[in-house]
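For clarity, every value in this text was computed on a predicted model and none was experimentally measured. Values below: all heavy atoms of this structure, side chains included; hydrogens, waters and symmetry mates excluded. Here, residue 1 is the first one in the sequence, and each next residue gets the next number.
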Amino acid sequence: MQMLMLGDCTLATSYLPSHLKHETRLREALARRYPGESFAIANEGLDGESVAGCLRRYERTFARHPSPDYVFL
């Protein structure tokens, strides 16, 4: 399952160690709930991003990743 996270610093969590980042915690929770399933989670959150900036890079971001099954904004 392909998942894409897109947003600002509240999603990016660049200040956290990798084991506490949203994508890591989500992957771990899904693995516990759905053992044997595969989850690819890309976090495209950027520190200091505005809504306008997010919308400007929207298509470029999607072009860099396989078609996601779920998108978190």
Nearest atoms (heavy-atom pairs only) where Leu4 meets His65: CD1-CD2, 3.8 Å
In this structure, would Leu6 and Tyr70 fall into the same cluster of hydrophobic residues linked by side-chain contacts under 4.5 Å? no
Can you tell me how far the OG1 atom of Thr24 sits from the CD1 atom of Ile41, to the nearest 0.5 Å? 8.0 Å
Rounded to the nearest 0.5 Å, how far does OG of Ser18 lie from CZ of Arg25? 12.0 Å
For Lys21 versus Ala12, what's the shortest heavy-atom pair and its separation? NZ-O, 4.0 Å
Treating Ile, Leu, Val, Met, Phe, Trp and Tyr as nodes and any side-chain heavy-atom pair under 4.5 angstrom as an edge, say whether Leu46 and Leu73 lie in one connected cluster. no
Please check: side-chain N/O of His22 versus main-chain N/O of Thr10, any donor-acceptor pairing under 3.5 Å? yes
Stepwise, does the side chain to side chain contact (heavy atoms under 4.5 Å, CB included) test hold for Met3 with Met5? CA-CA 7 Å; Met3 299 179 184; Met5 303 170 104; 5.9 Å; no
Flag, side chain of Asp69 to backbone of Gln2, donor-acceptor distance under 3.5 Å: yes
In the single-linkage hydrophobic clustering (I, L, V, M, F, W, Y; side-chain heavy atoms under 4.5 Å), do Val71 and Leu26 co-cluster? no
Might you work through the side chain to side chain contact (heavy atoms under 4.5 Å, CB included) test for Asn43 and Leu11, ending with a clear yes or no? CA-CA 8 Å; Asn43 187 339; Leu11 188 64; 3.8 Å; yes
Quick check: closest heavy atoms across Pro68 and Phe62, and the distance to 0.1 Å? CG-CE2, 3.6 Å
Residue pairs passing the salt bridge (Lys or Arg N to Asp or Glu O under 4.0 Å) test with at least one member in residues 27-46, sequence neighbours excluded, are Glu44-Arg57, Glu44-Arg64
